[in-house]
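Notes follow once the structure below has been shown.
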Amino acid sequence: MACRPFIKNGSHLLRPILFSRTIVNGTQDKPPFPKVLPFGLPLQNELSEVKSVPDTPPNQQAYPNMSRRLLECRGVEIIHNKLIHKQYGIMALAPGLMKENHFNTIRDMTNKRIDMERCFSIWRVDPPWHPWYFKGLNKKRGAGKGSLEYFVTPIKANRMIIEIGGSLSFDYLYRTLLAIAESLPFPAIPVSQELLDKWEAERNEIQEKNVNPLRWEYLIRNNIMNCHRYTDFYDIEFARYGPKIR
Amino acid sequence: MHSILRLVSRPSTKSCIRHLKMNTRIPHSRPDLVRFMEDIALPVLEKPLPDPVEDCYREQIKNKILLDQEDIELASEYDQFRAGRFREMLESSRIVLLCQEVCIVPPIRYTIAKMQFMKNGFTFMKFPRIVPHLALANDTRYENFLPPILSFGFETIYLFHKENNLSLPFKLLKKYRNNLLLIGGLVDGRLYNRAGLENLAQLPSIDYFQGELVSITQLPSSRTLSLTNHPARLLSHYLDTYVKSQ
């Protein structure tokens with residue numbers, strides 16, 4: 001587009017209307033690019049902010065304290081281990097606890113590194129709700145329970161942390177999702193629906209073609225070779241998931 | 001529930017926290033019985049036995065040559081030109097040595113070796129696999145020459161010479177053994193491997209054997225001539241001495 005001349009001699013009212021100066025290869029004069037999203041994508045598709053402190057119950061002033069309850073991390077996730085939108089996500093491989101700074105890190109990284117005009121992302125974990133207490137340094141045992149420091153979210157193995165979908169491919173997103181997964185305190189990997197289907201098919205194939213009649217669950221549940229003497233309550237309860245889940 | 005917890009042993013420390021991180025402590029090893037049960041409960045899958053006919057070495061070579069036949073159809077005009085040149089050199093030379101480049105030393109040594117060979121009358125050429133494959137594809141004379149070329153690698157070095165003297169190339173190859181590795185060669189239309197070439201080099205040249213043959217065939221005739229002339233010569237000698245004494 002050629003530059004038009006700026007009229008010096010003329011009516012002052014018509015000057016900007018008829019002959020406005022246009023700049024070639026400029027960035028500030030141009031109108032904003034029209035936002036055209038792929039079909040089906042919501043407008044507000046960035047990760048929302050997560051509250052670090054949950055609301056107190058209505059009949060209490062302060063949030064009540066709770067025991068450690070690490071049982072909520074043990075075992076394998078059986079409900080939230082699938083992808084709702086059947087696209088991509090980050091899956092935890094081991095149990096752990098997520099704090100406020102982990103949530104903020106994930107949120108910043110996804111919103112800045114991934115193009116949210118071509119993708120959307122959602123949380124698959126609860127905001128921190130579990131109160132975590134500490135007694136303080138160099139304190140003796142006793143004299144009451146420790147005070148509340150912050151809140152955490154317990155995560156089980158195979159849990160989905162965030163889910164991402166859109167018009168980008170897995171190869172394009174993998175490196176970014178890996179960097180986000182590395183920021184978590186437990187081992188996590190980016191997954192896609194294809195990978196999950198592949199692992200599921202492998203597991204089913206092994207189960208069908210397994211010639212060995214002895215199964216771990218059968219051995220533990222039926223106290224073969226008096227193994228209950230050496231096993232735990234939770235070894236028996238988690239026997240259905242395999243010998244590695246304790 | 002409460003009664004069961006009292007009877008079982010202390011819960012395992014799999015999901016314990018150390019330095020505010022989970023699963024950083026090495027877990028206690030399981031009792032031997034439970035580890036034994038883990039091993040015997042592993043899935044066992046049937047593996048199909050390999051077909052001995054398909055795994056035979058000769059079948060593999062045959063399939064390889066058949067598959068490589070496709071490369072000839074993808075050859076460019078430059079490859080065809082080079083194949084013609086290769087054919088000319090092969091038919092006009094008495095020695096054709098196959099070598100491989102050893103890339104341990106810097107490439108300047110390779111050029112020095114190349115210049116030395118060329119000074120001594122050798123034609124030093126480097127061809128990819130497709131060029132001799134194109135040149136000798138449907139030729140029954142060089143049927144045995146193709147498999148070693150196709151099994152070596154991507155590029156081999158060919159040394160052509162018009163004389164039948166093997167001592168000279170061996171001297172040069174010994175000097176540049178860090179650059180070039182001799183694999184085999186063609187001498188007067190006969191294929192030899194490295195050991196065969198070494199044995200051949202130790203033999204004297206064919207002219208030596210031809211001279212010996214000629215001398216052996218001429219020996220009886222010269223011997224009979226000398227035998228027939230011997231009494232006459234003796235007689236003349238005695239007569240001379242008698243005359244002188246008189």
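All heavy atoms count here, side chains included; hydrogens, waters and symmetry mates do not. Within every chain, numbering begins at 1; the chains are lettered A, B, ... in the order of the sequence lines, protein sequences first and strands thereafter.
- Between B/Phe122 and B/Phe160, the ring center distance fails the sub-6.0 Å criterion.
- When all heavy atoms are compared, the tightest approach of A/Phe134 to A/Glu149 is CD1-CG, 3.3 Å.
- Listed by chain and number, the residues in a salt bridge (charged side-chain N to carboxylate O under 4.0 Å, His left out) with A/Asp55 are A/Lys51 (sequence neighbours excluded).
- Ion pairing of B/Arg194 with B/Glu198 is present here, as a side-chain N (NZ or NE/NH1/NH2) and a carboxylate O approach within less than 4.0 Å.
- At a heavy-atom cut-off of under 4.5 Å, chain A is reached by B/Ile40, B/Ala41, B/Leu42, B/Pro43, B/Val44, B/Leu45, B/Glu46 from residues 39-51 of chain B, listed in order of number.
- Note on ring orientation: taking the six-membered ring where Trp is involved, the planes of A/His130 and A/Trp132 are tilted (angle from 30° to 60°).
- Contact tally against chain B (heavy-atom pairs below 4.5 Å) for A/Arg229, A/Glu217, A/Lys209: the top residue is A/Lys209.
- Side-chain contact of A/Asn204 with A/Glu208: a donor-acceptor pair under 3.5 Å is absent, judged by distance alone.
- In this structure, no portion of A/Phe186 lies under 4.5 Å from any heavy atom of chain B.
- Checked against a 6.0 Å centroid threshold, the rings of B/Tyr158 and B/Phe124 do not count as neighbours.
- Residue with the most contacts toward chain B among A/Leu214, A/Asp235, A/Asn226, A/Asn210: A/Asn210 (heavy-atom pairs, distance under 4.5 Å).
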